[in-house]
There are 2 protein chains.
Amino acid sequence: MVSMLKKSKKNGFKKITIKEIAELAGVSRTTVSRVLSGSDFVNKNTRDRVLEIIEEKEYKPSIIAQSLRTNRTRTIGLVLADIENPFYSRVAKGVIDAAEAKNYNVILCNSNNDINLEERDIRTLTERGVDGFLLTTVELKMKTIENLRDKGFPFMLIDCKLDIPGVNYVVNDDYYGAELATEYLINLGHKKIFFLGNRKLLSLRERFRGFKDTLKRYEINNTGNFVPTKFIKTGGIYDIEGIIRYLLSRQENITAIFAGNDYLAVKSIEAINNNGLKVPEDISVIGYDNIKISSMIKVPLTTIRQPKYLLGKLAAEQLLEILENKSDRKARRVILRPELVIRQSCKKISNS
Amino acid sequence: MVSMLKKSKKNGFKKITIKEIAELAGVSRTTVSRVLSGSDFVNKNTRDRVLEIIEEKEYKPSIIAQSLRTNRTRTIGLVLADIENPFYSRVAKGVIDAAEAKNYNVILCNSNNDINLEERDIRTLTERGVDGFLLTTVELKMKTIENLRDKGFPFMLIDCKLDIPGVNYVVNDDYYGAELATEYLINLGHKKIFFLGNRKLLSLRERFRGFKDTLKRYEINNTGNFVPTKFIKTGGIYDIEGIIRYLLSRQENITAIFAGNDYLAVKSIEAINNNGLKVPEDISVIGYDNIKISSMIKVPLTTIRQPKYLLGKLAAEQLLEILENKSDRKARRVILRPELVIRQSCKKISNS
DNA sequence: TAATTTATTGGAATCGATAACAGAAAATTA
DNA sequence: TAATTTTCTGTTATCGATTCCAATAAATTA
């Protein structure tokens, strides 16, 4: 009778509360609380007795009640652009690992590359009371970000280099990565290179800048590198087949494609094959990201490797530091270096 | 002065509370609460006035406080065996979509195929106060599950057919899928078929059963289908290269491999190639799962397609139904049908 | 008109913790 | 021994909502 736990609404059994522990130990709730937090001065005998009962009853303090009182939930939000994209799921793993290491939990939202869902997710997360969140965004609204910043809500951007005051991020150096890729193609003799990507997306915008500047540096005049908007569907997803057909039909003798990410690269290769051409014999393709399948497809993809796990891990760690140290207003901007991974999807051009 | 929000510890600004809304509207907190819940009888004029102020102040009730009072968090937990495995990330998407549709949030844990982390995750989630959770498990401890069940904590298993009373699941019919795969190989003339998989994992155990039974049905005597334990590392991950070398060295003239999942299949093909043999010319390989890369690798993989998104979506929906309807003790067991996807990794045998 | 019912509202307790403050006992110092 | 400090503990208010119960006013019925 004494040891039997009483029923409650939630599930079969009622969780034991601090009050009951206090009664069993013959002390006040305050004392139990003090034992729990470990910080304050409690008599050793009292402490031991309380700890013993806590252990015996397997008492765990209610995180909900703690949250209400302390205004902290030990929860962070993570808004992923697309959980099915291996790039993001690797990032997510880094985030989760870093969070759990500090005893935080992660609430996951999937914005599905949709800017409206993204906004909704941010709203949901703040209302739910996460202590802060991480945003892997594709096409963010400046106003939303500024608003968050002005409210003082702790957050960090992942893989989105947004240089406005008071906004922190962890990114890969997309500009540098694009330089690497472009230089590699140029050194192989390519001049007619098409950049495949939606320049509305922030990371792709940087890559495009690196691409353009490198061409300029090598004094290569490369006009018309844009994806006609009719091929861009909502959420930044492309009609790759259409683009490739369009490219080939233009008779411009494109010799290489710089795809903004590996997903696009893989799809492009498929589409090129479907149009009777071969990679890399007819067209070279370089990707960006180095996702897992890149090395496994028919023609292993030459691409730019980004430290993805680290991206997530560092972002989470930075955020947690902010959370643990509220007054700290220092800028936290981390830029990671990508590397060129040479495989088989690019070929030297001799007749140039 | 009046409209200025005061500062609080958490972030720059204090959230407005029900008390303040009540004061502004000149009613009691009780009345505001009633307006919020929409259910009780409130005078229309009062209701409108309160709603107006709620809107004006953009008041959102504190989910934490609600949780404490109502003992429900509108949060479910999801324990993924491996978020980087595309199978699970697709499942996760189904879960998230279903949860958000009913205004629930998902706390994500990644057990990393580690049974100990899995137990830790379950503990974390229950302590955190999720209303229930979903478990994609690899190698669960029966005792843990029975314990959860006995405590009355709501949960469902995903892709793990555990037939003990009071435990619910949504699974693919692994037995049937294995029958499909095995029959297909047999019809191609294969008799020496090796089943590649760790039979400790529940789903693989079912697949192995289907495999064995089908062979028996066709009166094919197939001995020695096991992966020597020395190739099985912690967490059920394999030394595929080692296994393949071992297989080839045995001189048993294996003509086909039935890989327990596509991951293993893809790795096997790589390993087979590394050993100077070709798929499907020398050895046929069939996979299981139909993950995205299966169609993109050098030799597109013949495999068994499972409805992954649906798996997650249905599991979440079932769980939420349980949560919304506590007293309902009916069994919820959903079995989805897989299909054979014929691509190019299996070949007919003529000399048998 | 008096009695009863109905509609609408508020007071106060509660959920399970934390924390400011004060008070009592023990230890130290004068 | 008295005064002061230190150590330890409890009382009470609070976080922001919900809910039981009672109270009031208005409407209905007798």
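Given the structure is predicted, the values throughout are model-derived calculations rather than measurements. A note on names: the letters A, B, ... follow the listed sequences, proteins ahead of strands, and every chain is numbered from 1. Side chains included, hydrogens not; waters and symmetry mates left out as well; all remaining heavy atoms used.
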Between C/dG16 (C1') and A/Leu68 (CG): distance, integer Å: 9 Å
Residues which pass side-chain hydrogen bond (donor to acceptor under 3.5 Å, both in side chains) with A/Ser89, listed by chain and number, not counting sequence neighbours: none
Nearest-angstrom distance from the residue atom CD1 of B/Ile64 to P of D/dT14: 21 Å
Crowding at CD, B/Glu23 (>12 non-hydrogen neighbours, <6.0 Å): yes
Angle of first-five versus last-five pair axes in the helix from C/dT1-D/dA30 to C/dA30-D/dT1, to 10 degrees: 50°
Interatomic distance, B/Ile16 CD1 vs D/dC15 P [rounded to whole Å]: 14 Å
Euclidean distance, atom CD1 of residue B/Ile54 to atom C1' of D/dA17 [Å, nearest integer]: 13 Å
Check: B/Leu311 and B/Phe87 side chains under 4.5 Å, non-hydrogen atoms: yes
Integer-rounded Å distance: D/dG10 C1' and A/Lys19 NZ: 15 Å
Salt bridge A/Glu100-B/Arg120, side-chain N to carboxylate O under 4.0 Å: yes
Any A/Ser33 side-chain N or O less than 4.0 Å from OP1/OP2 of C/dA17: no
Charged N-O contact under 4.0 Å between B/Arg333 and B/Asp163: yes
Side-chain ion pair, A/Arg123 and A/Glu127, N-O less than 4.0 Å: no
Close N or O pairs between protein and nucleotides 7-13 of chain C (under 3.5 Å):
from: C/dT9; atom 1: OP1; to: B/Thr46; atom 2: OG1; distance (Å): 2.4
from: C/dT9; atom 1: OP2; to: B/Asn43; atom 2: N; distance (Å): 2.9
from: C/dG10; atom 1: OP2; to: B/Ser28; atom 2: N; distance (Å): 2.9
from: C/dG10; atom 1: OP2; to: B/Ser28; atom 2: OG; distance (Å): 3.1
from: C/dG10; atom 1: OP2; to: B/Thr31; atom 2: OG1; distance (Å): 2.6
from: C/dG10; atom 1: N7; to: B/Arg34; atom 2: NH2; distance (Å): 3.0
from: C/dG11; atom 1: O6; to: B/Thr30; atom 2: OG1; distance (Å): 3.1

Atom-pair distance (CD1 on A/Ile63; P on C/dG16), nearest Å: 14 Å
Atom pair distance, as rounded to whole Å: CG in A/Asp48 and P in D/dT9: 11 Å
Short N-O contact, B/Asp97 and B/Lys93, less than 4.0 angstrom: no
Short N-O contact, A/Glu321 and A/Arg332, less than 4.0 angstrom: yes
Distance in angstrom units between A/Asn71 CG and C/dA19 P, rounded: 12 Å
OP1 or OP2 of C/dT18 under 4.0 Å from side-chain N/O of A/Gln66: yes
Short side-chain to backbone donor-acceptor contact, A/Arg149 and A/Pro165, under 3.5 Å: yes
